[in-house]
Amino acid sequence: MSTEENPAAAPRSLAEALRGRDDVSLAALLRSRPDLITPVPTDLTQLATRAGTRASVVRALERLDRFTLQTAQALAVASDPATYDELLGLMAGDDGDPAVSAALPHALGTLRAQALVWGGDDRLRLVRTARELLAPSPQHPSPTGLGPAVREAGAGISPGRIQELLATAGLPSTHDSVSALNALAGLFDDPERMSALLDQAPSESVEVLERLVWGPPYGQVTADPAPRLRWLLDRGLLLPTAPGTVVLPREVALRLRAGRAHRTTEPVPPPVEAAAAHRPQLVDATAAGQAYTALATVEELLKDWHEGGPAVLRAGGLSVRDLKRTAVALDVPEPVAAFWVELAYAAGLLASDGEADERYAATPAYDEWRERPAGERWARLATAWLAATRTPGLVGERDAKDRTLSALGPGLDRSAAPEVRHRVLALLAGLPEGAAPDAGSLLARLRWERPPRADRTGGGAPSPYARRAPAQPAEGTRGVAARAGGPGAPGYPADGASGAGGEDDLRSRLARWTLAEAEMLGVTGRGALSSHGRALIGAPPAPRHADTRTEPAGPGDKLPVHHRQTPVPPALSPAEQATAAAAAGRLLDPLLPEPLDHVLLQADLTAVAPGPLERPLADMLGVLADVESKGGATVYRFTPASVRRALDAGQSAADLHAFLAAHSRTPVPQPLAYLIDDVARRHGHLRVGAASSYVRCDDDAVLNEILADRRAAGLGLRRLAPTVLAARTDPAALLEGLRAMGFAPAAESAEGDVLIARADAYRTPPRTPPEPVPDGPPVPDDTLLAAAIRAVRAGDLASTAPRRPVAGAADTAPGELPRTTAAETLAGLQAAVLTNDTLWIGYVNAEGGASQRVIAPIRVEGGFVTAYDHAADEVRTYPLHRITGVAEIAE
């Protein structure tokens with residue numbers, strides 16, 4: 001039985017039921033439905049009214065699990081009010097179902113806690129809006145497949161026809177239609193008489209009932225029905241609802257279903273099956289390797305955009321061509337490149353510069369991020385991924401206006417993404433350590449926790465995990481089974497799926513994308529959640545597998561884990577998430593390879609880095625040489641252009657020789673030393689400045705050679721002095737032209753100094769990471785909840801407490817502000833100060849807003865009253881001229 005209500009004083013409304021709750025129960029309601037305190041209601045009556053609005057009820061129903069939703073659907077077709085036994089019969093059937101009986105109290109408790117159901121177990125009431133949404137109607141079939149009751153379906157039948165139905169069914173005639181319909185409903189509710197009636201039915205008529213029993217319950221008939229239909233129509237087993245349309249009454253369908261409201265019930269969530277098992281050490285090592293690759297990929301992406309990345313489209317985002325170039329540079333498919341670009345953007349490492357010719361580039365936060373330890377850098381990326389509402393998997397699809405969705409562009413936010421990502425990882429955390437999930441069972445579990453819209457409004461194919469009703473005489477349905485394809489293996493991106501499936505299809509795609517993205521980011525390894533991935537979501541250590549094998553299982557080898565799954569962890573607050581991310585970074589750090597301080601120089605002008613390099617070494621080597629190949633070891637190649645790049649950055653030949661000798665485990669090869677000396681000897685021999693531009697050189701023979709070269713014709717050169725040439729082109733174009741001719745010029749400043757070119761000098765102004773798009777109002781914290789409940793309680797006291805008006809004041813109707821004269825108001829306040837009484841006052845603020853307050857006056861002076869305000873839980877001062885009236889609160 002419910003403990004929420006007192007049987008001696010059953011609540012007559014939802015507001016009264018809410019008044020019977022304690023503060024803990026009210027806090028749970030407001031936490032599960034945060035839209036109810038946006039803004040804070042004035043009293044419990046307003047809270048109950050808001051809880052019954054269509055938008056709020058729809059939002060609450062969308063967040064119920066499948067069995068709890070089925071319970072609400074059963075209440076919508078039950079009598080109003082219904083008893084607990086009636087509800088249990090609709091859910092478990094006439095034969096009973098132990099699993100349903102065990103799970104029903106919790107489901108009913110959830111509906112009560114969310115204010116969707118109120119009343120004791122002997123008078124259960126579904127809120128009116130929920131009943132309207134879930135009850136069957138011709139326009140909106142019930143998810144149960146049931147039609148209207150006899151009393152509803154027969155409301156439009158003529159009295160004479162109703163009496164004919166009674167006579168054919170063997171019932172005595174009545175004096176009115178209402179009693180006739182009641183008699184017919186009583187026949188259908190009587191198991192013995194109903195069985196006797198159905199035993200007389202022709203087999204063809206039984207086939208018609210079998211096609212309608214599980215829904216839809218409506219059918220079409222001609223003006224002259226066939227004998228099998230005429231037999232059913234004459235006995236009220238089919239009732240006309242409109243010309244040419246008949247319906248199977250709810251009581252008949254329930255009798256044919258053995259009392260079940262649903263064809264299938266799912267009282268227990270489907271378990272997440274393990275598709276394969278791996279050694280935990282192998283999982284962590286694989287995930288750590290992926291995490292290192294993720295860090296290297298993000299660095300490579302932003303290094304490629306150091307001098308200013310691609311231009312921003314007029315509508316925002318990257319062009320298709322720029323995304324392709326980025327994918328080629330990163331050596332990944334375009335959808336994966338979109339993921340890395342969006343991840344860097346979500347982490348605040350990448351943004352647009354905001355200039356007139358707007359381009360993307362690294363932010364100042366990127367420089368700070370690069371200096372952090374590897375574990376902290378990964379934790380920042382993983383945290384940003386978990387909280388981001390931007391969905392890179394949608395890149396390349398089209399929006400509602402048939403515009404292509406681009407990376408970094410608008411239209412990629414999906415508010416459900418963070419919740420789905422956390423839920424997928426939480427379900428993985430419930431598996432034994434090293435277990436990789438079966439994608440199909442994972443998606444089935446997510447669909448149970450948040451049923452698709454078809455299951456909320458009718459239709460939908462039964463789940464393979466559902467409990468089926470015992471075989472009934474009426475088997476089969478007509479037009480109720482939606483197309484249901486088996487869940488595919490996780491992939492990135494989705495295998496040709498588009499956004500046409502709506503929100504429900506998007507949730508399944510988000511789950512598949514989460515599995516793929518978690519693997520790329522190193523949260524999982526070989527499909528299983530890693531130890532640092534568990535720490536990232538605040539999950540406890542996983543149980544060890546009972547299976548002792550150490551090799552991965554085959555693709556078809558599923559390990560049953562029904563009874564070994566651990567509870568999934570709840571979502572974390574921002575502070576808890578930061579702590580968890582720091583712990584995950586600390587767990588990951590020892591698994592990452594240690595940076596090396598050396599390379600291996602080879603005679604073919606290459607250098608081999610056998611592992612990750614320390615940052616100063618990697619930065620310098622990235623300037624001095626070009627990356628030729630990547631993998632377990634990185635191969636760098638020295639070329640004249642790469643050496644000249646290092647000289648342009650301010651290095652001398654001696655500096656380069658010393659650098660290579662200090663960081664090579666092998667002697668510096670002679671060809672490399674010759675290459676450096678040869679380029680350095682020619683570097684800076686020519687000087688280019690602005691005239692528009694000029695070339696100067698101490699050796700006039702070199703200038704003569706340039707003037708005689710046909711390739712210099714486009715530069716517009718002419719001699720100003722024996723050692724100086726002027727040009728019509730700008731210095732940058734002149735530099736490139738001379739280098740294309742085989743020379744090695746250096747740029748100089750107006751003072752004649754050599755300009756040092758730095759490749760990583762460009763940064764955007766400081767930028768903040770993009771804010772996630774919230775999925776509805778935020779969940780209130782404990783402080784806000786306590787204040788809101790205190791205000792609602794005080795407002796409810798002011799609106800419901802019995803009052804004694806001050807002598808001479810007019811009577812006040814419930815809900816109205818008290819009205820007293822200025823003299824009566826002053827006298828009442830002064831008397832309350834002397835007697836320490838609590839008063840109920842009406843107050844109008846400076847904006848004209850009227851409200852009711854419960855105050856305990858402390859003093860009255862200077863046209864103000866100072867009092868303790870019960871709603872605000874603080875002492876406040878009120879101008880007397882803004883108080884509409886006072887009234888005493890009766891004992």
Side-chain angles (χ1 to χ4, degrees), residues 77-83 85-87 89-90 93-94 122-123 135-138 142 144-213 215 217-261 472-474:
V77 298
S79 56
D80 187 22
T83 64
D85 291 338
E86 180 184 356
L87 175 63
L90 289 171
D94 296 340
D122 57 339
R123 295 181 62 84
S137 68
S142 168
T144 62
L146 293 170
V150 170
R151 297 173 182 85
E152 301 169 6
I157 303 177
S158 65
R161 177 57 180 163
I162 294 177
Q163 296 301 327
E164 291 177 3
L165 294 177
L166 290 181
T168 307
L171 298 174
S173 61
T174 63
H175 61 282
D176 59 27
S177 299
V178 175
S179 57
L181 290 175
N182 289 336
L184 195 61
L187 168 64
F188 295 156
D189 286 334
D190 190 325
E192 294 182 0
R193 292 193 294 168
M194 188 63 180
S195 298
L197 179 61
L198 291 175
D199 288 342
Q200 304 171 12
S203 59
E204 295 85 358
S205 300
V206 173
E207 291 178 0
V208 173
L209 295 178
E210 289 176 349
R211 292 167 59 186
L212 298 177
V213 64
Y218 295 91
Q220 301 295 320
V221 296
T222 62
D224 184 18
R228 59 177 181 173
L229 295 175
R230 174 58 62 188
W231 192 94
L232 298 172
L233 289 168
D234 289 344
R235 288 154 182 79
L237 297 177
L238 291 180
L239 294 177
T241 59
T245 303
V246 294
V247 66
L248 180 68
R250 185 183 308 166
E251 293 86 346
V252 178
L254 286 174
R255 189 55 48 199
L256 294 172
R257 296 179 178 193
R260 285 181 177 266
Q472 302 298 328

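Remember, it's a predicted structure, so these values are computed and weren't measured experimentally.
- A 4.5 Å side-chain heavy-atom check between L90 and R260 finds every atom pair outside the cut-off.
- Residues V150 and P249 come closest through the heavy atom pair CG2-CB, 3.6 Å.
- Taking CD of E210 as the start and CG of L256 as the end, the distance is 8.5 Å to the nearest 0.5 Å.
- Between atom CG of residue L184 and atom CG of residue L239 there is a gap of 7.0 Å, rounded to the nearest 0.5 Å.
- Nearest approach of A253 to V213, heavy atoms of both residues: O-CG2, 3.8 Å.
- Open room surrounds CG on D224; 12 or fewer heavy atoms of other groups in view lie less than 6.0 Å from it.
- Judged by distance alone, the side chain of E86 and the main-chain N or O of S79 form a donor-acceptor pair under 3.5 Å.
- What you find for Q220 and G244 is that their closest heavy atoms are OE1-O, 2.9 Å.
- No more than 12 heavy atoms of other residues, nucleotides or ligands lie within 6.0 Å of CZ in R123, so this atom counts as exposed by the packing criterion.
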For this session: Show the numbers, then the answer: is there a salt bridge (charged side-chain N to carboxylate O under 4.0 Å, His left out) between D234 and R161?
Result: CA-CA 9 Å; D234 289 344; R161 177 57 180 163; 3.4 Å; yes

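- Here the rule is side-chain contact (heavy atoms from CB on, under 4.5 Å) with L237, and of V252, V246, L229 only V252 fits it.
- With hydrogens and angles ignored, the 3.5 Å screen pairs a side-chain donor or acceptor of R235 with a backbone N or O of W231.
- Using modelled atom types, one side-chain atom of R250 and one backbone atom of G147 make a donor-acceptor pair closer than 3.5 Å.
- The shortest side-chain heavy-atom distance between V247 and L238 does not fall under the 4.5 Å cut-off.
- Counting only heavy atoms from C-beta outward, the side chains of T144 and P136 never approach each other to under 4.5 Å.
- Note that CG of L146 and CD of E251 are 9.5 Å apart. Values are rounded to the nearest 0.5 Å.
- What you find for G145 and P217 is that their closest heavy atoms are O-CD, 3.7 Å.
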For this session: Could you check V206 against L198 for side-chain contact (heavy atoms from CB on, under 4.5 Å), going step by step and ending with a plain yes or no?
Result: CA-CA 8 Å; V206 173; L198 291 175; over 6 Å; no

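- With contacts defined as side-chain heavy-atom distances shorter than 4.5 Å, the pair R211/L248 does not qualify.
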